[in-house]
Amino acid sequence: MNDAPLWQPAPAITARANLSAFTRLVNARHGLDCADYETLWRWSIDYRDQFWQAIWDFCGVIATRGAERVVVDADAMPGARWFPGARLNFAENLLRRRDEATALVFRGEDRIASKVSFSELHAEVSRLAQALRDAGVQPGDRVAAYMPNIPGTVIAMLAAASIGAVFSSCSPDFGVQGVLDRFGQIEPRILFAADGAFYGGKTIDTIDRVAEIARQLPSVRRVVIVPYTQRSPDIAHIPKAIDIHEWTAPHQARPIDFAQLPFDHPLYVLYSSGTTGAPKCIVHGAGGTLLQHMKEHRLHTDVKPGDRLFYYTTTGWMMWNWLVSALASEATLLLYDGSPFHPGPEVLFDYARDERATIFGVSAKYLDALAKQGVVPARTYELPALGTVLSTGSPLAPEGFDYVYRNIKSDVRLCSMSGGTDLISCFVLGNPLLPVYRGEIQCRGLGMAVAVYDDDGAPKSAGAGELVCTRAFPSMPIEFWNDPDGSKYRSAYFEKYPGVWCHGDWCELTEHGGMIIYGRSDAVLNPGGVRIGTAEIYRQVEQLDEVVESLAIGQRWDNDVRIVLFVRLRPGLTLDETLRDRIRQQIRRNCSPRHVPARIVQVADIPRTKSGKIVELAVRDVVHGRPVKNIEALANPEALELFRDRPELVS
């Protein structure tokens with residue numbers, strides 16, 4: 001373990017942190033003496049009803065409710081019901097601020113820049129909500145968006161949520177089949193679609209795709225086109241299409257009639273990656289999403305009114321939903337559409353500097369790519385407003401921590417986070433009151449009974465195992481779509497340990513109270529019966545200058561499993577025995593002999609999901625001659641062919 005922290009909070013930060021104020025509230029209300037985070041966390045698990053009531057009050061949830069219990073059937077997992085008597089509206093909570101301060105800042109590469117005030121946001125949502133109501137949209141109807149991360153997508157979501165419609169989004173990098181695989185299951189009534197997107201300096205025209213999608217979604221009664229790359233796109237050939245400006249023209253802004261709905265009324269449908277079959281449609285409720293996001297934003301990320309929050313995300317990743325919820329904490333959202341490396345690798349830092357970002361969120365892979373390219377933002381950017389860097393998407397290696405503190409800013413709080421689409425939030429994440437240690441996620445989330453289990457379901461206080469959550473929490477999915485008996489839901493999370501959520505991450509608790517995640521447990525390698533997390537191998541291999549990225553799988557071989565490592569090298573380099581030996585030595589020296597791959601193979605590309613995660617299981621299927629069930633889930637499905645019938649793997 002690393003004894004010296006990379007960052008620790010100054011007394012001034014501790015004094016004004018939202019988490020400090022929250023701790024004072026619960027200590028006074030319940031006669032407690034929570035003097036440290038571990039004590040507060042344990043109280044939040046043991047007294048979940050008191051904890052979530054305190055979150056409700058501290059965050060100022062806008063709702064109507066009586067004196068009913070906070071949770072019914074608290075020990076049922078799944079099955080617990082939260083705030084059963086409450087009625088609220090998600091959009092009303094996000095639109096609580098209505099002044100002239102900036103709500104949304106937008107940049108579409110170097111093509112478009114705009115800003116929307118809180119009052120303008122409320123007005124645009126009002127007009128669009130009226131148009132949706134006039135179109136017959138009612139609570140529970142689905143509203144889908146095939147849109148980039150632009151202000152119009154935020155407005156469409158808030159308008160749908162204000163009525164109680166269920167919102168679902170896909171980003172423009174999805175092809176027609178990928179969109180149909182998702183929206184086709186939920187049968188949306190309204191489809192919002194942009195005319196295109198910008199990426200890498202190019203204009204991506206999606207109008208023809210929108211037309212084909214519209215033709216194959218018979219449930220859609222109206223396709224609402226949001227001009228983005230063109231001022232007036234030609235939409236004549238799109239069935240049931242109308243320009244959004246024409247659609248909302250009859251309506252004047254007025255106070256929004258927010259539908260007051262039960263706490264667990266469906267808000268979002270999100271999708272599993274779909275690389276092992278049709279994407280699962282995961283339905284999240286309004287109340288659970290709101291409460292969990294407000295907790296994570298205000299207490300764990302320390303978001304305050306006036307903060308300027310950036311996260312590089314598409315609308316097809318749950319981090320978009322997480323980002324947008326920060327409006328409920330009265331933060332300004334910094335939205336970005338396009339490549340994070342165009343016109344150069346410094347573009348996101350230009351944005352952070354220009355817009356005075358206080359919180360800057362990216363993926364671990366993005367930080368790794370910057371490091372591989374030798375980008376050193378600290379040389380040219382002071383970023384005085386920046387106090388927090390967020391990272392998620394895949395485990396952030398210890399070297400990623402080094403990179404941030406050496407090459408971005410030495411006095412930021414680096415918050416690695418992990419959770420996912422399944423809970424639309426985090427199990428483990430940052431904490432403004434705790435030190436940051438190299439390679440470690442700071443803490444387990446408040447109210448989240450996170451533990452590490454062995455294969456027999458026994459808790460582990462040391463060593464690696466399965467990440468589990470042993471008690472129910474409000475942002476658990478309310479259901480899967482088209483799963484009337486709940487069997488798909490139960491098998492997804494509760495099959496391995498009945499009554500306990502098994503998340504599918506291979507992890508370890510640290511002596512500091514944090515966590516290290518080694519990768520997906522279904523991708524864990526098992527040579528000779530010893531379980532090895534793939535992230536352990538990637539961390540070592542990708543330190544070599546020649547290696548851009550890597551992917552490891554277990555290949556069935558001689559009645560056992562052998563490790564096969566695929567590497568993508570810098571342009572112009574070829575894998576030879578000298579480099580293979582260096583890779584083996586690096587792994588043997590820093591991991592163990594069991595970690596050393598039996599075969600090391602060069603590939604030109606590595607397949608990944610549209611949110612940037614490498615797909616070990618899909619590659620494993622290709623190597624073993626099994627079909628990959630849903631290549632539409634991949635950003636670069638053609639890369640799978642690079643792994644098929646490799647001669648290096650037949651001996």
Side-chain angles (χ1 to χ4, degrees), residues 273 275-277 395 452-458 460 463-468 491-492 495-497 502-508 517-542 547 549-568 575-577 579-603 606-607 613-631 639-651:
S273 63
T275 54
T276 57
V452 179
Y453 273 14
D454 65 19
D455 284 343
D456 297 323
K460 300 185 70 171
E466 292 277 2
L467 190 158
V468 301
S491 67
E495 199 167 71
K496 185 163 187 175
Y497 309 114
C502 182
H503 194 55
D505 278 343
W506 192 245
C507 66
E508 180 177 1
I517 293 182
Y518 298 109
R520 296 294 296 169
S521 54
D522 53 9
V524 162
L525 308 171
N526 199 25
V530 178
R531 301 188 75 177
I532 294 171
T534 54
E536 298 176 78
I537 295 176
Y538 302 153
R539 174 190 169 189
Q540 300 305 325
V541 176
E542 292 173 16
V547 180
E549 61 181 344
S550 57
L551 181 149
I553 66 163
Q555 182 191 16
R556 292 196 310 269
W557 192 260
D558 196 21
N559 297 316
D560 196 357
V561 172
R562 67 178 182 181
I563 298 175
V564 177
L565 177 68
F566 298 97
V567 293
R568 181 167 73 89
L575 182 66
D576 56 18
E577 275 309 307
L579 182 53
R580 284 192 178 93
D581 285 342
R582 287 183 57 216
I583 291 171
R584 294 187 189 106
Q585 290 167 16
Q586 175 83 359
I587 295 170
R588 180 180 287 108
R589 182 170 57 248
N590 295 293
C591 294
S592 79
R594 290 189 176 275
H595 288 71
V596 176
R599 294 287 184 272
I600 305 175
V601 180
Q602 182 177 359
V603 288
I606 287 178
K613 298 177 183 178
I614 63 174
V615 286
E616 294 142 323
L617 298 186
V619 169
R620 192 174 68 190
D621 284 341
V622 169
V623 167
H624 288 104
R626 297 189 293 260
V628 178
K629 296 180 181 178
N630 192 352
I631 64 171
L640 285 176
E641 291 305 311
L642 302 172
F643 299 81
R644 193 180 305 281
D645 300 326
R646 295 295 304 229
E648 302 96 328
L649 303 184
V650 297
S651 63

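Of the possible donor and acceptor atoms, none in the side chain of S521 sits under 3.5 Å from a partner among the backbone N and O of W506. For D456 (side chain) and A458 (main-chain N/O), no donor-acceptor pair under 3.5 Å exists by modelled atom type. Checking side-chain atoms of R599 against main-chain N and O of S651 turns up a donor-acceptor pair under 3.5 Å.
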Query raised in the report: Would V567 and L579 count as a side chain to side chain contact (heavy atoms under 4.5 Å, CB included) if you check the C-alpha gap in whole Å, the side-chain angles of each, and the deciding distance to 0.1 Å?
Result: CA-CA 11 Å; V567 293; L579 182 53; over 6 Å; no
Query raised in the report: Can L575 and R580 be said to form a side chain to side chain contact (heavy atoms under 4.5 Å, CB included), step by step?
Result: CA-CA 7 Å; L575 182 66; R580 284 192 178 93; 3.6 Å; yes
Report task. I would like to know whether V564 and V623 meet side chain to side chain contact (heavy atoms under 4.5 Å, CB included); could you show each step before the answer? Result -> CA-CA 10 Å; V564 177; V623 167; over 6 Å; no
Report task. Apply the test salt bridge (Lys or Arg N to Asp or Glu O under 4.0 Å) to residues K496 and E466: give CA-CA distance (whole Å), side-chain angles for both, the deciding distance (0.1 Å), then the verdict. Result -> CA-CA 10 Å; K496 185 163 187 175; E466 292 277 2; 3.0 Å; yes
Query raised in the report: Passes side chain to side chain contact (heavy atoms under 4.5 Å, CB included), F566 versus I614? Steps please.
Result: CA-CA 12 Å; F566 298 97; I614 63 174; over 6 Å; no
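Residues passing the ring-ring contact (aromatic ring centres under 6.0 Å, His included) test with Y538: none are found, sequence neighbours excluded. Qualifying side-chain contact (heavy atoms from CB on, under 4.5 Å) partners for R646, counting only residues two or more places apart in sequence or in other chains: V601, V603, E648, L649. Scored by the ring-ring contact (aromatic ring centres under 6.0 Å, His included) test, Y518 finds no partners at all (sequence neighbours excluded).
The nearest pair of heavy atoms linking V561 to G554 is CG1-CA, 3.5 Å. Taking every heavy atom of both residues into account, I517 and C507 meet most closely at CG1-CB, 4.0 Å. Looking at every heavy atom in both residues, A535 comes nearest to G519 through CB-N, 4.3 Å. Nearest heavy-atom pair, L640 versus V622, reported as atom, atom and distance to 0.1 Å: O-CG1, 3.7 Å. Contact between L565 and A552 at its shortest, heavy atoms only, is CD1-CB, 4.2 Å. Residues A639 and P607 come closest through the heavy atom pair CB-N, 3.9 Å.
Residue D576 qualifies as enclosed at atom CG: its count of foreign heavy atoms under 6.0 Å is above 12. With a 6.0 Å radius and a threshold of 12 heavy atoms from other residues, nucleotides or ligands, E577 has its CD atom above the threshold.
The CZ atom of R520 sits 5.0 Å away from the CG atom of D505 when rounded to the nearest 0.5 Å. Here NE2 of H595 is found 4.5 Å from CD1 of I532. Values are rounded to the nearest 0.5 Å. The distance from atom CZ of R582 to atom CZ of R589, rounded to the nearest 0.5 Å, is 9.5 Å. Going from atom CD of E616 over to atom CG of L525 covers 8.0 Å, rounded to the nearest 0.5 Å. Interatomic distance, I606 CD1 to L642 CG, rounded to the nearest 0.5 Å: 9.5 Å. The line from CZ of R539 to CG of N590 is 7.5 Å long, rounded to the nearest 0.5 Å.
The closest side-chain heavy-atom distance from K460 to E508 is not below 4.5 Å.
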